[in-house]
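Order of the sequence lines sets the chain letters (A, B, ...), proteins ahead of strands, with each chain counted from 1.
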Amino acid sequence: MSRAIALVDVNNCYVSCERVFNPKLIGKPVVVLSNNDGCAVARSAEVKALGIKMGVPWFQIKDLAKQHGIIALSSNYTLYAEMSNRFMSILGDYVTPDEREIYSIDECFLDLTTYQRLFDLTSYTQDMRQRINKWIGLPVSVGIGTTKTQAKLMNHWAKKFPQFNGVCNILEMDAPTIHRRMQKTPVNEVWGIGRQQTKALAAMGIVTVADLTASDPHVMQKRFSVVMGRTIQELQGIVCYELEPLQPTRKQIVSSRSFGELITTIEPLRQAICHYVRNAVTKLRADGSVCSLISVYIRTNHFREQDPQYYKSVSIRLHTPTDDLLLLNALATQALQEIFKAGFNYKKAGVMLSDLKPANQVTQDLFGNAVTDEKRERLIHAIEAVVERFGKSHINLGTVKKVIPDWEMKTANRSPNYLTSWEDLPLVT
DNA sequence: TCTGGGGTCCTAGGACCC
DNA sequence: TCTGGGGTCCTAGGACCC
């Protein structure tokens, strides 16, 4: 029995969500705009038909929009998140938790391998589509393949060819048909192939999905990257990416925003940064994490090439990981003062919290640095091994490092390199 | 005049330390 | 005093994704 991975996604997600609550928008050309109403981030089918691309600045299409009666809405992410929860929860009725990977706000991978025995997968997923539409009013498409990359491609076909009626299943297609459709699909539709790669591939004569699928993954991996090699294998049906049902905890939290107007002085920047820190710390605490590094950046408007440009960021490392708002705010303000330069028109600023760790796993080592329980245990074992081999008088970080070669020595240059006594060792709680 | 925000992964060079 | 190698950290930037 072959593996069967489905990708279910909401068509024109943000526009569809808005239509659920305002049915007058149905059948009309609608766009949803980003913050500051800057760019189009979602387009209805009617708008796509006018040739308006994803992410175009609103001011560039304003005239066209007027001409065709396009309705522009500011985004409402709280609403979209709520609709997303309901969508994912309905999918949860069809599979077990470890057969579902929530990939983004509007996309979900499902492992349907075992369901092939009991159901026809096309009708099974058609049932999902209908239920989602009936219960929460969202239109969805389904692509089914043996790998995630194939499922993504099938999802694209499900939208592109009306005869599929929203579900495209590669397992039901014969090889010549697949090949013919791949020949007609441009290579940039493949998951992981962006603008730059498309250009580089075109220079080698690879322009369609069929071309890429026929290429040698090992040769291409050397020429491009390991990611490219995997993408090709996945297109060929060789699994490189497993389903990841458990959301990995994120590694950084970013809070940033463009300003509606240009800023020249430090005070409004300070207020903005203060706001971003609060925003990021709220997320940090919701995750139950603490951070060890805070970065702040400010920049001018890079679209205004005629203006003098400035971009500067600075990071501050914390001795002890924290989620303390006041402390992080003070550090961010200090960072801002370091990088601020008068004489520029600032357009954007941001704060990044990184080196995140679960708050409950963090303790301090004898230098006052935070270590996870796991690391501390390894340190203690190493020291015990040193004592056993060389005796107590030889306990120093250098010897410890001989026992654990990959032990991080980053504290060695700021703190005493030598332990003075056995009693200095971290306590085991 | 007006051009989003939040992520991941990878690479490279310079400063600095042992 | 001169030399080299190995390592970390920081900054910057590029590529991709939604």
Seminar exercise, completed: Whichever of G55(A) and V254(A) has the more 5' nearest nucleotide on DNA chain B, that residue is G55(A)
For this session: Using a 4.0 Å heavy-atom cut-off across all strands, classify I105(A) as base, sugar-phosphate, or nothing.
Result: nothing
Problem set entry | Selected nucleotide, minimal atom distance to K152(A) side chain, candidates dC17(C), dT3(B), dG7(B) | dC17(C)
For this session: Using whole Å, report how far CG of N155(A) lies from P of dC18(C).
Result: 10 Å
For this session: In whole angstrom, give me the gap between the P atoms of dC18(C) and dT3(B).
Result: 25 Å
Exercise. Which base, if any, makes a Watson-Crick or G-U wobble pair with dC18(B), both distances under 3.5 Å?
Worked result: dG5(C)
For this session: Find out whether R195(A) and N188(A) are in side-chain contact, i.e. whether some heavy atom of one side chain is under 4.5 Å from a heavy atom of the other.
Result: no
Seminar exercise, completed: The residue among N165(A), N155(A), N11(A) that forms side chain to side chain donor-acceptor pair (under 3.5 Å) with S141(A) is N11(A)
Problem set entry | Y241(A) OH - dT8(B) P separation (whole Å) | 16 Å
Problem set entry | Residue pair H218(A) / Q233(A), side-chain heavy-atom distance below 4.5 Å | yes
For this session: Scan V56(A) against the nucleic acid and name what it touches under 4.0 Å (heavy atoms): base, sugar-phosphate only, or nothing.
Result: nothing
Problem set entry | Centroid separation Y124(A) to Y94(A) less than 6.0 Å | yes
Exercise. Whole Å only: how far is the CD atom of E305(A) from the C1' atom of dT3(B)?
Worked result: 12 Å
For this session: Would you please confirm or rule out a distance under 4.0 Å between OP1 or OP2 of dT3(B) and any side-chain N or O of K348(A)?
Result: no
For this session: Specify the separation, in whole Å, of atom OH of Y14(A) and atom P of dC18(C).
Result: 12 Å
Problem set entry | Main-chain N/O of T149(A) paired with E234(A) side-chain donor or acceptor, under 3.5 Å | yes
Problem set entry | Check ion pair R19(A)-E46(A) (N to O, under 4.0 angstrom) | yes
Exercise. Reckon S256(A) has a side-chain N or O less than 4.0 Å from the OP1 or OP2 of dG4(B)?
Worked result: no
Exercise. Taking only N and O in the side chain of S258(A), is any of them less than 4.0 Å away from OP1 or OP2 of dT3(B)?
Worked result: no
Exercise. Please give, in whole Å, the distance from dG7(B) P to L284(A) CG?
Worked result: 11 Å
Exercise. Touch check for L33(A), heavy atoms < 4.0 angstrom, all strands: base, sugar-phosphate only, or nothing?
Worked result: nothing
Exercise. OP1, OP2 of dG6(B) versus side-chain N and O of R257(A): anything below 4.0 Å?
Worked result: yes
Exercise. For N36(A) and dG6(B), what is the distance between atoms CG and C1' respectively, to the nearest whole Å?
Worked result: 16 Å
Exercise. Partners of E107(A) by salt bridge (Lys or Arg N to Asp or Glu O under 4.0 Å), sequence neighbours excluded?
Worked result: K152(A)
For this session: With heavy atoms under 4.0 Å as the rule, sort W191(A) into base, sugar-phosphate or nothing.
Result: sugar-phosphate
For this session: To the nearest Å, give me how far apart CG (L353(A)) and P (dT8(B)) are.
Result: 12 Å
For this session: Starting from the 5' end of DNA chain B, give me the residue, F259(A) or K283(A), whose nearest nucleotide shows up first.
Result: F259(A)
Problem set entry | Touch class at under 4.0 angstrom, heavy-atom based, for S255(A) against every strand present | sugar-phosphate
All N/O pairs under 3.5 Å across the protein-nucleotides 10-16 of chain B interface:
none

Problem set entry | Value in whole Å for how far the P atom of dT3(B) lies from CZ of F303(A) | 8 Å
For this session: With heavy atoms under 4.0 Å as the rule, sort K312(A) into base, sugar-phosphate or nothing.
Result: sugar-phosphate
Exercise. Would you say a side-chain N or O of R317(A) is under 4.0 Å from OP1 or OP2 of dT8(C)?
Worked result: no
Exercise. How long is the gap from CD on E267(A) to CZ on F340(A), to the nearest 0.5 Å?
Worked result: 10.5 Å
Exercise. With a 4.0 Å cut-off on heavy atoms, is Q252(A) in touch with a base, just the backbone sugar-phosphate, or nothing at all?
Worked result: base
Exercise. Side chains of K348(A) and R257(A): closer than 4.5 Å at any heavy-atom pair?
Worked result: no
